[in-house]
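Whatever order the structure lists them in is the order used to number ligands and atoms, beginning at 1. If you're wondering where the values come from, they're calculated on a predicted model, not measured in any experiment.
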Amino acid sequence: MVVAVYPGSFDPITLGHLDVARRAASIFDQVVVAIYDRPLKNLLFSAQQRAALVREAVADLPNVRVDTYSELTTSYARRVGAKVIVRGLRAATDFENEFQMAHINHRLLPSVQVVCLMANQEHTFLSSSAVKEIAALGGPISDMVPPVVERALRAVYLERKGQ
Ligand code: ADP
């Protein structure tokens, strides 16, 4: 059985992430969407909130499960018996980072293979940070995120507006 880990911040999950998870699920026996607890980023949602949103978004994918982790991605992959790390590539700008990270991960855990899936054309410009910025300004995001994420973003920014 081939287990693949799809690691990331997912703050929050977008339709671009979801498309990568769905496609990975059609290739590998089991996919673990692994939410990195403490990225060096300004987060909007806690790890538990991000996990709950991903869980709802992937509920129709029986071979996908969701987890959080706070160690090295390679240590996590080893712990869950994953042979593959899945990442998504949007544009050349992603490539440099992913290329470097793939080599580092390979050095840390030579038995793991990094598989990058090309973003779907319609998701090429989609990022969690762009979605948060649009939502914060009250713009439309329904074609960028799953409905559960749209509701969560609206609730956060409505609450902030009221404060
Ligand atoms: P990280 O902080 O690890 O980059 P992200 O949540 O931003 O975590 O992204 C996780 C992975 O999903 C990365 O490989 C990223 O390139 C990929 N990804 C992000 N947005 C999209 C998208 N719109 N389409 C395809 N892949 C994407």
Undergrad: What's the verdict on side chain to side chain contact (heavy atoms under 4.5 Å, CB included) for Ile27 and Val84, showing C-alpha distance, side-chain angles and the deciding distance?
TA: CA-CA 11 Å; Ile27 303 172; Val84 175; over 6 Å; no
Undergrad: Would you say that Tyr69 contacts Val5 through its side chain, given a criterion of any heavy-atom pair below 4.5 Å between the two side chains?
TA: no
Undergrad: Go through the structure and list residues passing ring pair (Phe, Tyr, Trp, His ring centres under 6.0 Å) with Phe10, not counting sequence neighbours.
TA: Tyr6, His17
Undergrad: Measure the shortest side-chain to side-chain distance between Ile85 and Pro7 over non-hydrogen atoms and say whether it is less than 4.5 angstrom.
TA: yes
Undergrad: Do Arg87 and Asp94 touch side chain to side chain, with heavy atoms closer than 4.5 Å?
TA: no
Undergrad: Donor-acceptor check, side chain of Ser128 to backbone of Pro12, threshold 3.5 angstrom: yes or no?
TA: yes
Undergrad: Using a strict cut-off of under 4.0 Å between a residue heavy atom and any atom of ligand 1, list the qualifying protein residues by chain and number.
TA: Tyr6, Pro7, Gly8, Ser9, Phe10, Gly16, His17, Val20, Lys41, Arg87, Gly88, Arg90, Asp94, Glu98, Ala119, His123, Leu126
